[in-house]
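Below: the structure, in structure tokens.
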Amino acid sequence: MELKKMKFENKITKIEPDSIAEELEIEVGDILVAINAQKIEDIIEYQFLEADEYIELEIEKQSGEHIIYEIDKDIDEALGLEFENPIIDSVKTCRNKCIFCFIDQLPEGMRETLYFKDDDSRLSFLQGNFITMTNMGDKEIDKMIKYRISPVNVSVHTTNPILRAKMLGNRFAGDVLDKMKRLKSADITMNAQIVLVPDVNDKEELDKTINDLASLYPQLNSVAIVPIGITKYRENLCKVEIFNKESANEVINQIEKIQNELLAKLGTRFAFLSDEFYVMANRNLPTKEAYEGYVQLENGVGLISKLEHEIYEELEKTAKYPMNRHISIATGKSAFEFINKMAKLIMKEFEGLKIDVHMISNEFFGETITVAGLITASDIEKQLKDKELGQELIIPRSMMKADEDIFLDNITLDQLKQRLKIEIIISEVEGRDFIDKLVGRVQKNQENI
């Protein structure tokens, strides 16, 4: 599939009331050209340059006229401009051919944006995306340091230069540790990610990688280790294995040993496994304290533990009352046992509440994909269309596109509601909202009867 070039410009979309920009009669639709004669390539440069007490702001009006405003202001006083895109110039795309790349395993016919691979340090800073640093030379690293792009999230996978070049399919990928050392010297905060592939970067290679990365602590704050995920669409891609119960147990034992060593040495466990390893191994998750503040939730590290703690906490302060209510929850294989356990706990607290938890098998991508966030509407519809779902169906926010109520297979939430003929409620993956969607809404509905 050929993608359209993703090109952005710094078009102004909002003027803050009572701001400098409003006073200067800058308008929505105008374009920011430069500050102090410097072209603005991204929002980070903009924020850095607008902080000065005196600036010269060049604006292109919608008529095409260019106006330079000379502005005296308080230091760090904002101009009051917002832009169409957070990056402004072209997003840097990924040049790698990683053996574990999920995007390479997508079928045709999905949303065009799903096929776009970014590898941009600015998105790492602004949105938490992980970058490989393979498309960054000295100039880009100097810019990160100059503008204090921190924290930054780095996809490391291995610190073995030869192995990393092989895993990423990029002969220039082997210098990641040297680049991260430069960021450490500049006191840039980092987090790291390792996608673990059986018999590739695990075992002794994993020990070496974690020990190498631990030398960057505290600027490198943490490392998340997640298992490779493969779909059924791997034609013409290299053969890889996935983890099973036995191999997941081996990884847990290995990481627990490393954590104990690093806790004694650094005062932190530093390296954390995603919840998927514990689910595969049928092992209890670590305690809340062992996650040290849940520093890698975006990688699924401690998500279940955090949600469980929040649910118990929320239940303690929620008023209990009888009801006549039947609700269903749809989730993936990984979270099914946990969500089922929580549903039983909640039903004990609320007489007359019936909660059915439905495990959705991932037929769209293949049953090796077990996380809820990769479940499609078509699978939900197919597997629930003949079920008695009750008054409402609850799904997690992770099934939706970040900024729109649409599933990965391009089916909207409203379309699925119509097909299943039921109200579908989205729950955030946090205890308060989960309890509110299960029983708070019921209480409100009863009060309105």
Side-chain angles (χ1 to χ4, degrees), residues 98-102 105 130 153 155-158 167 191-211 213-214 222-231 240-263 268-309 331-342 359 362 365-375 396 398 429:
C98 299
I99 63 173
F100 47 79
C101 180
F102 195 82
Q105 303 178 70
F130 277 78
N153 299 321
S155 289
V156 176
H157 313 306
T158 178
M167 289 186 70
N191 289 292
Q193 175 196 68
I194 297 170
V195 175
L196 204 61
V197 185
D199 300 321
V200 177
N201 61 333
D202 58 347
K203 302 183 176 75
E204 293 83 5
E205 289 290 349
L206 180 58
D207 279 343
K208 179 185 184 303
T209 297
I210 293 175
N211 286 325
L213 294 177
S222 66
V223 178
I225 301 125
V226 303
I228 183 175
I230 66 171
T231 77
V240 291
E241 300 297 327
I242 60 175
F243 287 96
N244 54 33
K245 182 176 180 179
E246 181 181 357
S247 56
N249 265 295
E250 290 174 358
V251 173
I252 294 171
N253 292 337
Q254 179 182 4
I255 293 301
E256 285 183 348
K257 181 175 182 291
I258 294 172
Q259 286 180 328
N260 290 333
E261 293 170 354
L262 292 176
L263 188 60
T268 175
R269 293 168 181 81
F270 184 66
F272 303 90
L273 289 170
S274 72
D275 295 354
E276 292 170 81
F277 281 106
Y278 297 93
V279 172
M280 282 189 286
N282 195 25
R283 293 260 291 262
N284 291 332
L285 273 79
T287 63
K288 175 189 174 185
E289 291 71 27
Y291 285 107
E292 300 182 14
Y294 301 109
V295 293
Q296 289 260 16
L297 280 174
E298 69 275 12
N299 271 311
V301 176
L303 199 61
I304 293 176
S305 170
K306 180 175 180 288
L307 182 57
E308 181 174 18
H309 176 78
T331 189
K333 182 179 178 181
S334 289
F336 174 74
E337 292 297 337
F338 166 72
I339 297 297
N340 206 35
K341 173 186 170 183
M342 293 296 101
M359 182 177 72
N362 203 320
F365 288 115
E367 294 190 6
T368 54
I369 302 298
T370 61
V371 295
L374 293 175
I375 287 175
S398 57
V429 187

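Nothing fancy with the numbering, it's 1 onward along the sequence. Being a predicted model, the structure only gives us computed values, none of them experimental.
Contact check for Phe100 versus Met167: side-chain heavy atoms found under the 4.5 Å cut-off. In this structure the side chain of Lys306 never reaches within 4.5 angstrom of the side chain of His309, judged on heavy atoms. Proximity of Val429 to Leu297: side-chain heavy atoms (C-beta onward) are nowhere separated by under 4.5 Å. Residues Ile228 and Ile99 are not in side-chain contact: their nearest non-hydrogen atoms beyond the backbone lie 4.5 Å or more apart. Using a 4.5 Å cut-off on side-chain heavy atoms (C-beta onward), Phe338 and Leu307 make contact. Counting heavy atoms from C-beta outward, Tyr291 and Arg269 have side chains that stay 4.5 Å or more apart. Counting heavy atoms from C-beta on, the side chains of Phe272 and Asn299 never come closer than 4.5 Å. No side-chain heavy atom of Phe277 sits less than 4.5 Å from a side-chain heavy atom of Ile255.
Under the 3.5 Å distance criterion, with hydrogens and angles disregarded, a donor-acceptor pair is assigned to the side chains of Ser222 and Asn191.
With Ser274 as the partner, the side chain to side chain contact (heavy atoms under 4.5 Å, CB included) test is satisfied by one option alone out of Val226, Val371, Leu303, Val279: Val226.
The distance from atom CG of Leu273 to atom OH of Tyr278, rounded to the nearest 0.5 Å, is 4.5 Å. Annotation: the span from Asn211 atom CG to Leu206 atom CG amounts to 9.5 Å, rounded to 0.5 Å. Distance check, rounded to the nearest 0.5 Å: CD1 of Ile225 to NE2 of His157 gives 12.5 Å. Note: Asp275 CG to Ile304 CD1 = 4.5 Å, rounded to the nearest 0.5 Å. Taking CG of Leu374 as the reference point, atom CD1 of Ile369 lies at 6.0 Å (rounded to 0.5 Å). Separation of atoms CD (Glu308) and CD1 (Ile339) is listed at 10.0 Å; rounding is to 0.5 Å.
Between the side chain of Asn201 and the backbone N or O of Val195, at least one donor-acceptor pair lies under 3.5 Å. Checked by atom type and distance alone, the side chain of Glu241 never pairs as donor or acceptor with a backbone atom of Val197 at under 3.5 Å. Between the Asn362 side chain and the Glu367 main chain, no donor and acceptor come within less than 3.5 Å of each other. Between the side chain of Asp202 and the backbone N or O of Asp199 there is at least one donor-acceptor pair closer than 3.5 Å.
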In residues 247-254, what donor-acceptor pairs under 3.5 Å come from side-chain atoms, sequence neighbours left out?
residue, atom, partner, partner atom, Å
Ser247, OG, Asn244, N, 2.8
Ser247, OG, Asn244, O, 3.3
Ser247, OG, Asn244, OD1, 2.9
Asn249, OD1, Arg283, NH1, 2.5
Asn249, ND2, Lys245, O, 3.0
Asn249, ND2, Ala281, O, 3.4
Asn253, OD1, Arg283, NH1, 3.4
Asn253, OD1, Arg283, NH2, 3.2
Asn253, ND2, Asn249, O, 3.3
Gln254, NE2, Lys203, O, 2.8
Gln254, NE2, Asp207, OD1, 3.0

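Between Glu261 and Lys257 there is a salt bridge, with a side-chain nitrogen of the basic residue lying less than 4.0 Å from a carboxylate oxygen of the acidic one.
Nearest approach of Thr209 to Thr158, heavy atoms of both residues: OG1-CA, 3.4 Å. A pairwise comparison of heavy atoms in Ala224 and Val301 identifies CB-CG2, 3.9 Å as the closest pair.
Checked against salt bridge (Lys or Arg N to Asp or Glu O under 4.0 Å), Glu276 has no partners two or more places apart in sequence or in another chain. Partners of Glu205 according to the salt bridge (Lys or Arg N to Asp or Glu O under 4.0 Å) rule, which considers only residues two or more places apart in sequence or in another chain, do not exist here.
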Could you go step by step and tell me if Leu262 and Thr268 meet the side-chain contact (heavy atoms from CB on, under 4.5 Å) rule?
CA-CA 6 Å; Leu262 292 176; Thr268 175; 5.7 Å; no

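The number of heavy-atom neighbours closer than 6.0 Å to NZ of Lys333, taken from other residues, nucleotides and ligands shown, is 12 or below.
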